[in-house]
Amino acid sequence: MKTKFLLFYLSIGLIVSCLPDNNIKTSDQTETIIKWHLNTVSGGFAGVDHNFEMGVILWQFEDANGILYVENNNNDDDLEDGFDTGIYSYRVIQDEDSRLYLEVDGIDNGLLSISDEDGTFTLDQNTKLSGSGADGYIYTFTREVVVVE
């Protein structure tokens with residue numbers, strides 16, 4: 001039951017992000033768009049710790065089609081910032097211990113941790129389906145809910 005609830009939560013609460021043609025419509029004709037802002041990147045071989053302003057790097061998940069839209073406006077090539085601007089396929093994989101992993105374009109990108117309390121999710125590249133490492137990055141995102149009338 002816990003697994004079903006968690007998958008439902010991910011599908012609806014975390015990963016569901018809506019684009020203009022696929023937004024959530026409420027009875028009063030408003031649309032809800034969920035955007036994920038990359039806040040921090042830490043770790044890696046060199047032990048980086050980068051903070052990004054809100055709006056510099058945005059991710060939007062379209063759950064129905066398994067599409068991740070990335071808008072990356074970081075112009076500093078020396079800063080680790082994840083994916084370049086583009087459209088990627090994604091899926092969430094659950095292991096036998098009910099941990100969730102994010103796969104993007106067929107590549108395991110690490111453990112997905114969700115905090116509904118503070119509206120964040122963390123992607124930890126040090127923990128993957130294939131095992132653990134010590135030189136991956138940890139990406140922390142903050143949720144923004146935009147209601148369009």
Pairs where residues 126-137 contributes a residue and the test side chain to side chain donor-acceptor pair (under 3.5 Å) is met, not counting sequence neighbours: D124-N126
Hydrophobic cluster partners of L129 (side-chain heavy atoms under 4.5 Å): I93, Y101, L111
Other ILVMFWY residues reachable from I107 by side-chain steps of under 4.5 Å: none
Inter- and intrachain pairs under salt bridge (charged side-chain N to carboxylate O under 4.0 Å, His left out), touching residues 81-96, at least two apart: R91-E103, D95-R99
Set of residues satisfying side chain to side chain contact (heavy atoms under 4.5 Å, CB included) with respect to D76, sequence neighbours excluded: N74, D78, L79
Non-neighbouring partners of D49 that pass side chain to side chain donor-acceptor pair (under 3.5 Å), sequence neighbours left out: none
Residues which pass side chain to side chain donor-acceptor pair (under 3.5 Å) with D77, listed by chain and number, not counting sequence neighbours: none
Check: N39 and N51 side chains under 4.5 Å, non-hydrogen atoms: no
With sequence neighbours excluded, residues passing side chain to side chain donor-acceptor pair (under 3.5 Å) with S89: D105
From CD1 (I87) to CG (N65), nearest 0.5 Å: 11.0 Å
W59-Y69 aromatic ring centre distance below 6.0 Å: no
Side chain to side chain contact (heavy atoms under 4.5 Å, CB included) against T85, all qualifying residues, sequence neighbours excluded: N72
Side chain to side chain donor-acceptor pair (under 3.5 Å) partners for E80, two or more places apart: Y139
